[in-house]
There are 2 protein chains.
Amino acid sequence: MAQTDTVTRILDTAEVLFAERGFAETSLRTITSKARVNLAAVNYHFGSKKALIQAVFSRYLDPFTVRFHHALDELEAQHAGAVIPLEQLLETMARTVLEVPAEKHSLKVFMKLLGLAYSQAQGHLRRHIQEEYGSVFTRFTDLVRRATPELPDAERFWRLHFVLGTVIFTLSGLDALRDIAEKDYHEHVSVRDLIRRLRPVVVAAMNAPLPPPPAAQPAKAS
Amino acid sequence: MAQTDTVTRILDTAEVLFAERGFAETSLRTITSKARVNLAAVNYHFGSKKALIQAVFSRYLDPFTVRFHHALDELEAQHAGAVIPLEQLLETMARTVLEVPAEKHSLKVFMKLLGLAYSQAQGHLRRHIQEEYGSVFTRFTDLVRRATPELPDAERFWRLHFVLGTVIFTLSGLDALRDIAEKDYHEHVSVRDLIRRLRPVVVAAMNAPLPPPPAAQPAKAS
DNA sequence: TCCCACTGAAAACAACTGTTTTAAACATTA
DNA sequence: TAATGTTTAAAACAGTTGTTTTCAGTGGGA
């Protein structure tokens, strides 16, 4: 209990501070003093600051991948080899993302961390996430491919990242946006409200008409 | 010429380094040594590192706002009070974004900086941008409101930020995504390619069907 | 000619960073 | 009991950070 307590206290404090300020802007002394543990405890338990950062992510992503694999297993069993509709795939992902942090941590923090991983990670974090959790993403995209056979592979790749950008950007910047929205339209927006609004937009984005071909545009016009 | 040379050399170097590594991870010594200017020159010309960061943004955003206002002036004159279609509004914005950095700087750098401003800026940068350049955004959103009268105000607010997230996320993480895309689908993707792919997706997202009403869900079920 | 803004090199400043070490206590388990 | 792993305290480490200062030159405009 003693060990667990210190380790989780560090993780709980670190994830909040990381989400608020970013990785480089959060010092180990800030974390340890706010968590009321010894400065040396971080290097004792985790080895380094980089390892701490990765541990913070693993605490979210490990249970997420387990649950998501299970959810996809069920979904595939239900459809018995048939193609799973895109809406159900997105629905399953959304539900899993909502379930995991709901247990103890904050969804907002989880999304902020994901946003940071994309924008701030020089190398080690993005590499760590890709190597450790890339397989779930690959399984998901394979199912999406079968659900959208009319889309060229490259087009689907980009559109998945388009909607990924929408979700991460919106949910990671939620606090600031919510303040504006509540002041201007005085209606409270919960995360589940946002996901309700997100669903038709994401589906429409994935099903948008194909763009016109590149239309050879260089100097010599026809 | 002597003055201008040092100032622009600092700005040119700083914007690239900021875009590559972020603000906190880029030291003044790295900037000045790479720009082959004196370390003290930054504080001499700009006053502080924060002011340098704001100056980097102003060099992009000042000409952008000027051009965008002009483009909207023309657009409004063309339509003589009539409603401007959403596609043309988005088209105009995209064209302006493409024009500004094209002169001398890199569009990729510009987008990375925008992404950083959203994800990394604790306070001073976001406040600076909001206060300095908020009016153009307001004018644009007003025109969008008239172009999409069927959308409730709150819905339009969120959808605009959804697509903003798509664009910033995609274009600011362009390098990493491009590496994956080129390896998997071996086709080179230029920024203009991406914008061509972005257009139908953004339009479809804005025109998506309205989400179902909140559907009172609380504890006491019916 | 004098002046002033600019540039350069160098050093110092105080503050903060991640990390390591030493010491002494505490708990649990073998 | 003895041993082991955990926690704390405190200090020191070497390095980096933004900022300031000093001194010495440079150039062009009044």
Side-chain angles (χ1 to χ4, degrees), chain A residues 1-59 113 116-117 120-125 127-128, chain B residues 1-59 113 116-117 120-125 127-128:
Chain A
M1 162 184 164
Q3 168 196 358
T4 308
D5 204 41
T6 299
V7 170
T8 59
R9 198 121 45 89
I10 292 175
L11 288 173
D12 287 342
T13 313
E15 73 175 23
V16 172
L17 291 175
F18 284 156
E20 283 177 355
R21 330 178 174 187
F23 304 123
E25 294 85 350
T26 306
S27 71
L28 293 183
R29 284 173 177 79
T30 308
I31 297 173
T32 52
S33 71
K34 195 152 197 167
R36 283 174 301 119
V37 301
N38 197 313
L39 168 62
V42 169
N43 286 282
Y44 177 80
H45 286 288
F46 299 94
S48 69
K49 188 182 180 180
K50 284 187 180 180
L52 207 212
I53 297 176
Q54 297 183 355
V56 166
F57 275 85
S58 295
R59 200 163 59 138
L113 290 175
L116 284 181
Q120 277 204 281
Q122 291 309 339
H124 78 98
L125 223 196
R127 234 176 295 126
H128 171 250
Chain B
M1 162 184 164
Q3 167 199 357
T4 308
D5 204 43
T6 299
V7 170
T8 60
R9 198 122 45 90
I10 292 175
L11 288 172
D12 288 342
T13 312
E15 70 174 27
V16 173
L17 291 175
F18 285 154
E20 283 176 355
R21 329 177 176 186
F23 304 123
E25 294 85 350
T26 305
S27 71
L28 293 182
R29 283 173 178 80
T30 308
I31 297 173
T32 52
S33 72
K34 195 152 198 168
R36 283 175 299 118
V37 301
N38 198 313
L39 168 62
V42 169
N43 287 283
Y44 178 80
H45 286 288
F46 298 94
S48 68
K49 187 182 180 180
K50 284 187 181 180
L52 206 214
I53 297 176
Q54 297 183 356
V56 166
F57 275 85
S58 294
R59 200 164 59 139
L113 290 176
L116 284 181
Q120 277 203 281
Q122 289 309 339
H124 78 98
L125 223 195
R127 234 176 294 126
H128 172 250

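Chain letters run A, B, ... following the sequence lines, proteins first and then strands; every chain starts at 1.
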Check your understanding: Nearest to the side chain of Asn38(B), which nucleotide is it out of dA9(C), dT8(D), dG18(D)?
Key -> dA9(C)
Exercise for review: Report which part of the nucleic acid Thr32(B) touches: base, sugar-phosphate, or nothing (heavy-atom distance under 4.0 Å, all strands).
Suggested key: nothing
Practice item. Report the nucleotide, chosen from dT7(C), dT7(D), dT19(C), that has the shortest atom-to-atom distance to any side-chain atom of His45(A). Key: dT7(D)
Point to revise | Nearest-Å distance for atom pair CD1/P, residues Ile10(A) and dT6(D) | key: 12 Å
Exercise for review: Identify whether the distance between the nearest side-chain nitrogen and carboxylate oxygen of Asp12(A) and Arg59(A) falls below 4.0 Å.
Suggested key: yes
Check your understanding: Atom CD1 of Ile31(A) and atom P of dT19(C): how far apart are they, to the nearest Å?
Key -> 11 Å
Exercise for review: Hey, which sits more toward the 5' end of DNA chain D by its nearest nucleotide, Ala40(B) or Thr26(B)?
Suggested key: Thr26(B)
Review point. Please give, in whole Å, the distance from dG18(C) P to Glu25(A) CD?
Key: 11 Å
**Study point:** N/O donor-acceptor pair under 3.5 Å between Arg9(A) side chain and Ala35(A) backbone
**Key:** yes
Exercise for review: Compare the minimum distances between each of dG18(D), dT7(D), dT17(C) and the side chain of Arg29(A), then state the nucleotide with the smallest one.
Suggested key: dT17(C)
Study note, to complete from the structure: When Gly47(A) and Ser27(A) are each assigned the nearest nucleotide of DNA chain C, the 5'-most assignment goes to Ser27(A)
Exercise for review: In whole angstrom, give the distance that lies between atom CG of Leu39(B) and atom P of dT20(D).
Suggested key: 11 Å
Point to revise | Thr32(B) side chain to Leu28(B) backbone, donor-acceptor under 3.5 Å | key: yes
Exercise for review: In whole angstrom, give the distance that lies between atom CZ of Phe46(A) and atom C1' of dT19(C).
Suggested key: 16 Å
Practice item. Assign Val37(B) to base, sugar-phosphate, or nothing according to its heavy-atom contacts below 4.0 angstrom with the strands shown. Key: sugar-phosphate
Revision key, fill the gap. Of the candidates dG8(C), dG5(D), dT7(C), the side chain of Tyr44(A) sits closest to dG5(D)
Point to revise | Gap between atoms CG and C1', on Asn43(B) and dT17(D) respectively (whole Å) | key: 12 Å
